[in-house]
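Remember, it's 1-based here, ligands and their atoms both numbered in the order they're listed. Reckoned from all heavy atoms, side chains included, excluding hydrogens, waters and symmetry mates.
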Amino acid sequence: MADKFRPLKDAFGRFATGIAVATCRQPDNGFRALTINSFTSVSLEPQLVLWCLENKAASYPHFMEADSYAVSILSADGEALSNRFAGHAPQPLAATEYDIWETGAPLLKSRIAGFDCRVQRRHRAGDHIILVGEVVRFDSKDGAPLVYYASQYHSGFSTS
Ligand SMILES: Cc1cc2nc3c(=O)[nH]c(=O)nc-3n(C[C@H](O)[C@H](O)[C@H](O)COP(=O)(O)O)c2cc1C
């Protein structure tokens, strides 16, 4: 069946983005991880970011329940990670794959930047919810990003 949203998706997809993995800790101390490209920086003072979560996503209740999340920006070689966390089934994280900072949400070690955030506000917006987070700790390093454009992964430029 034809996707009636294809033309709109094609237009939205002309805005090139990075790829990130949003994570949260569950009450049983397990983790949820989800590939996103809706991450955006918002404010310097206070330090705010946002990303958008689809209402129908399997991880929706987990991120709604959590009072914090982390965002790991993927490097150019992160396509397999992106695909891994874009599937329907929850993906366990090995202890060697992440760091834990202030909030308890895991940051992927193979990131070029990371943001550990407390949820500041949730805004309903159509079929997504906007999760605004206050950044409590962050880092960044040189490297090439994984880029998403027109429904495809790209790479090819770097900070150094
Ligand atoms: C490149 C890419 C970007 C994505 N960005 C988002 C996003 O910003 N927000 C979101 O809720 N889902 C996003 N997704 C979808 C989720 O990663 C995931 O595929 C989807 O939630 C899985 O479906 P389920 O949770 O309903 O099982 C993206 C997927 C890909 C491949």
Side-chain angles (χ1 to χ4, degrees), residues 1 3-28 30-43 47-94 97-98 103 105-135 138 140 143-157:
M1 198 176 66
D3 179 357
K4 68 173 177 172
F5 296 115
R6 193 69 256 164
L8 182 59
K9 288 178 181 173
D10 286 347
F12 283 164
R14 261 48 183 185
F15 186 60
T17 68
I19 295 274
V21 175
T23 52
C24 67
R25 183 185 281 265
Q26 302 175 150
D28 66 359
F31 300 125
R32 291 299 291 212
L34 178 80
T35 296
I36 60 168
N37 72 337
S38 54
F39 173 80
T40 302
S41 56
V42 176
S43 166
Q47 302 179 145
L48 299 177
V49 298
L50 68 74
W51 61 283
C52 305
L53 174 63
E54 191 181 1
N55 297 340
K56 284 190 289 191
S59 32
Y60 177 88
H62 305 281
F63 280 97
M64 288 301 280
E65 206 170 46
D67 61 5
S68 53
Y69 62 74
V71 174
S72 303
I73 311 297
L74 295 186
S75 58
D77 61 2
E79 193 173 325
L81 279 176
S82 176
N83 289 331
R84 176 174 156 199
F85 298 115
H88 298 296
Q91 292 289 316
L93 286 173
E97 289 186 293
Y98 61 84
T103 73
L107 291 115
L108 300 184
K109 280 193 188 291
S110 59
R111 62 185 181 270
I112 52 172
F115 302 90
D116 195 18
C117 307
R118 296 201 196 287
V119 175
Q120 200 229 27
R121 198 170 268 204
R122 298 183 177 90
H123 299 276
R124 296 208 168 277
D127 54 17
H128 281 63
I129 191 138
I130 302 169
L131 295 167
V132 180
E134 175 146 26
V135 179
F138 63 91
S140 70
L146 185 60
V147 173
Y148 199 63
Y149 178 70
S151 304
Q152 302 216 323
Y153 296 108
H154 301 265
S155 58
F157 59 90

Name every donor-acceptor pair, under 3.5 Å, that has one atom in a side chain of residues 77-85 and the other anywhere in the protein, sequence neighbours excluded.
residue, atom, partner, partner atom, Å
D77, OD1, S75, OG, 2.5
S82, OG, Y153, OH, 2.7
N83, OD1, Y153, OH, 3.1
N83, ND2, E79, O, 3.4
R84, NH1, E97, OE2, 2.7
R84, NH2, P92, O, 3.1
R84, NH2, E97, OE1, 2.9
R84, NH2, E97, OE2, 3.3

Sorted by chain and number, the residues that approach ligand 1 to under 4.0 Å with a heavy atom: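 If the criterion is a heavy atom under 4.0 Å, then ligand 1 touches I19, L34, T35, I36, N37, S38, C52, L53, E54, K56, A57, A58, F85, A86, G87, H88, Y148.
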Problem - Over all atoms of both residues, closest heavy-atom pair of R118 and T103 - result: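 Looks like NH1-CG2, 3.7 Å.
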Exercise. Supply the atom-to-atom distance F31 CZ to T23 OG1, rounded to the nearest 0.5 angstrom.
Key: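 Nearest 0.5 Å value for the CZ-OG1 distance: 8.0 Å.
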query: About how many Å separate CD of E134 and OG of S43, when rounded to the nearest 0.5 Å?
result: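 Atom-to-atom, S43:OG and E134:CD are 8.5 Å apart.
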Please list, chain by chain and in numerical order, all residues satisfying side-chain contact (heavy atoms from CB on, under 4.5 Å) with A113, sequence neighbours excluded.
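Testing A113 for side-chain contact (heavy atoms from CB on, under 4.5 Å), a comparison that skips the adjacent residues, returns I73, F115, S140.
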Going by side-chain contact (heavy atoms from CB on, under 4.5 Å), name the residues that satisfy it together with D10, two or more places apart in sequence or in a different chain.
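R6, R14.
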